[in-house]
Amino acid sequence: MSLRESAADMRDELVRLRHALHREPELGLDLPRTQEKVLTALSGLPLEIRLGEGLSSVTAVLRGDRPGPTVLLRGDMDALPVSERGAAEAVSRLDGRMHACGHDLHTTMLAGAAHLLSARRDRLAGNVVFMFQPGEEGHRGAKIMIDEGVLDASGEWPVAAYALHVISSVLPNGLFLTRTGPIMAAADRLVVTVRGAGGHGSAPHLARDPIPAACEMVLALQSMVTRGFDVFDPVVVTVGSFHAGTVDNVIPEEARFEATIRSFSAASHERVRERAVTLVGGIAAAHGLEAETVFEMGYPVTVNDGAEADFVGETVREVYGEERFARAPQPFTGAEDFSYVCDRIPSAFVALGACPPDLDPRRAAYNHSPEARFDDGVLTDGAALYAELAARRLAPAAG
């Protein structure tokens with residue numbers, strides 16, 4: 001029986017696990033209920049299990065019957081501070097928390113892959129590390145797990161790592177998508193506080209108004225992108241928060257804005273920080289004001305190894321057919337902390353269309369929406385692909 005067929009036989013178990021995870025979503029690095037459910041799902045398998053110290057992670061190692069290298073499979077487990085809306089078979093029971101990004105599916109798929117590969121350990125020439133990771137949504141859970149030794153879990157670093165991510169819209173249901181090179185953006189945060197001197201709105205010459213300077217900074221940041229960066233190595237700056245003043249006739253002492261900055265290469269990721277901070281400081285000085293600038297470096301660019309991305313494509317085409325695989329023409333502008341793994345191990349990050357069949361992916365709610373919906377039908381294919389990638393990578397040499 002093929003891995004795909006075996007995964008299909010597990011469908012009911014996978015759906016039950018996914019629904020249990022979805023009903024009790026947890027945030028950040030501390031996921032005790034989720035960790036407990038994962039441990040229960042892995043119970044009885046021939047795995048070496050280690051729990052995280054600074055987070056509720058689960059690292060499980062499966063050792064094949066024959067010697068060989070190590071492959072890492074990663075699934076993230078945390079939810080979002082979102083209040084779920086709409087009707088579905090399984091909905092969150094916890095107000096203000098929702099698996100709106102599909103991490104409950106990733107966790108379930110990875111647990112399914114552990115079952116599939118454990119049943120075939122006699123055919124594995126090497127080891128598989130299953131990385132059940134909390135804190136992907138802004139908490140750098142992958143980096144913490146790396147610091148706690150997940151890459152050394154089998155006794156040697158993996159030769160390859162793979163992660164799947166479901167998408168609730170845009171992609172057709174069941175389509176696997178990846179690409180060589182950057183696949184997810186780096187994400188940084190810029191916070192600027194412009195300080196001047198307050199006064200009466202009728203006499204701005206007697207005050208030092210921070211609002212016009214802050215507005216100039218917002219516009220200048222856009223010009224910085226178009227004039228300071230290669231259009232083929234893009235940078236995106238979006239000011240999503242701007243606050244100043246209380247009433248119309250009072251000049252405030254300060255204005256504050258926050259921006260998210262996305263980039264797609266290590267060079268631009270580093271350079272945009274220097275340019276943005278210098279630009280903001282210069283405009284403030286020109287207006288006789290002070291600017292406090294905080295630039296928070298977020299996740300680095302998620303970069304797929306070319307050989308591993310090709311390997312994913314070959315595997316999907318062989319197992320599921322040509323029509324189930326596509327190469328992404330450009331990166332996604334979201335960010336991922338699997339990037340920390342990609343920086344150290346040849347890796348491939350793969351998207352999987354999970355829009356329910358009764359919805360139009362062009363109009364369905366996107367990931368992170370309170371109305372995001374994911375199709376349970378992709379659970380078996382995701383679990384099987386995880387297992388296929390590891391099994392093929394660890395297939396014993398002929399002869």
Side-chain angles (χ1 to χ4, degrees), residues 4 7-8 10-27 31 33-34 37-38 41 73-94 96-113 132-134 136-137 162-178 183-184 316 320 324-326 328 332 334-336 338 349-386:
R4 187 179 180 187
M10 297 172 55
R11 184 185 188 283
D12 291 346
E13 299 169 48
L14 296 178
V15 171
R16 279 194 294 272
L17 175 58
R18 187 254 161 163
H19 287 187
L21 293 167
H22 192 87
R23 290 186 182 104
E24 291 190 290
E26 296 178 293
L27 308 178
L31 318 178
R33 295 178 183 177
T34 303
K37 291 181 179 70
V38 169
L73 305 175
R74 177 270 210 163
D76 41 6
M77 305 193 295
D78 56 321
L80 286 157
V82 172
S83 295
E84 188 164 10
R85 292 203 302 264
E89 188 174 350
V91 296
S92 173
R93 294 172 178 168
L94 304 178
R97 299 182 182 186
M98 177 189 174
H99 271 295
C101 201
H103 295 187
D104 51 336
L105 282 85
H106 307 161
T107 303
T108 300
M109 292 170 178
L110 191 57
F132 292 90
Q133 179 215 309
E136 190 282 323
E137 297 289 354
Y162 307 101
L164 289 176
H165 202 300
V166 292
I167 307 294
S168 64
S169 65
V170 181
L171 299 183
N173 182 283
L175 181 71
F176 292 95
L177 187 80
T178 194
I183 187 167
M184 299 288 280
V316 172
Y320 299 102
R324 294 284 300 277
F325 178 75
F332 294 97
E336 244 291 344
F338 188 63
F349 185 80
V350 187
L352 170 58
C355 180
D358 60 333
L359 298 179
D360 182 347
R362 296 170 299 178
R363 296 179 175 84
Y366 195 65
N367 290 33
H368 289 212
S369 165
E371 297 176 346
R373 293 289 176 264
F374 301 90
D375 177 28
D376 286 333
V378 304
L379 291 170
T380 57
D381 283 349
L385 182 63
Y386 268 134

Which distance, rounded to the nearest 0.5 Å, do you find between the [atom1] of [X] and the [atom2] of [Y]?
X: F176; Y: D381; atom1: CZ; atom2: CG; answer: 5.0 Å
X: R16; Y: T108; atom1: CZ; atom2: OG1; answer: 12.0 Å
X: C101; Y: H106; atom1: SG; atom2: NE2; answer: 6.5 Å
X: L17; Y: T107; atom1: CG; atom2: OG1; answer: 8.0 Å
X: L110; Y: L105; atom1: CG; atom2: CG; answer: 12.5 Å

Under the criterion side-chain contact (heavy atoms from CB on, under 4.5 Å), which of L21, V166, T34 is the partner of D104?
L21
Per side-chain contact (heavy atoms from CB on, under 4.5 Å), L31 is matched among Q133, E24, E26 by E26
Is there a side-chain contact (heavy atoms from CB on, under 4.5 Å) between L177 and F325 once you walk through the steps?
CA-CA 6 Å; L177 187 80; F325 178 75; over 6 Å; no
Salt bridge R74-E336, side-chain N to carboxylate O under 4.0 Å:
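Salt bridge: yes.
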Presence of salt bridge, R11 and D376, under 4.0 angstrom:
no
Backbone N or O of R4 within a donor-acceptor pair of the Y320 side chain at under 3.5 Å?
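No; judged by distance alone, with no hydrogens or angles, the pair does not exist.
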Given 3.5 Å as the limit, does a donor-acceptor pair link the side chain of S168 with the main chain of A365, or not?
yes
Check whether any side-chain heavy atom of [X] sits under 4.5 Å from a side-chain heavy atom of [Y], and report yes or no.
X: R363; Y: L359; result: no
X: S169; Y: R362; result: no
X: T178; Y: F349; result: no
X: S92; Y: P25; result: yes
X: Y162; Y: V350; result: no
X: F374; Y: N367; result: yes

Take L171 and C355, measure what side-chain contact (heavy atoms from CB on, under 4.5 Å) needs, and give me the verdict at the end.
CA-CA 7 Å; L171 299 183; C355 180; over 6 Å; no
For the residue pair [X] and [Y], what are the closest heavy atoms and their distance?
X: P370; Y: S83; answer: CB-O, 3.1 Å
X: A354; Y: V378; answer: CB-CG2, 3.9 Å
X: A351; Y: I167; answer: CB-CG1, 4.1 Å

Would you check, one step at a time, whether the test side-chain contact (heavy atoms from CB on, under 4.5 Å) holds for M77 with H103?
CA-CA 5 Å; M77 305 193 295; H103 295 187; 5.7 Å; no
Going by distance alone, is a donor N or O of one side chain under 3.5 Å from an acceptor N or O of the other, for D78 and H99?
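D78 vs H99: no donor-acceptor pair found between side chains.
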Polar side chain donor-acceptor pair, E84 to H22, under 3.5 angstrom
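Distance-only check passes for E84 and H22.
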Where do L352 and L175 land on the side-chain contact (heavy atoms from CB on, under 4.5 Å) test, with the steps shown first?
CA-CA 6 Å; L352 170 58; L175 181 71; over 6 Å; no
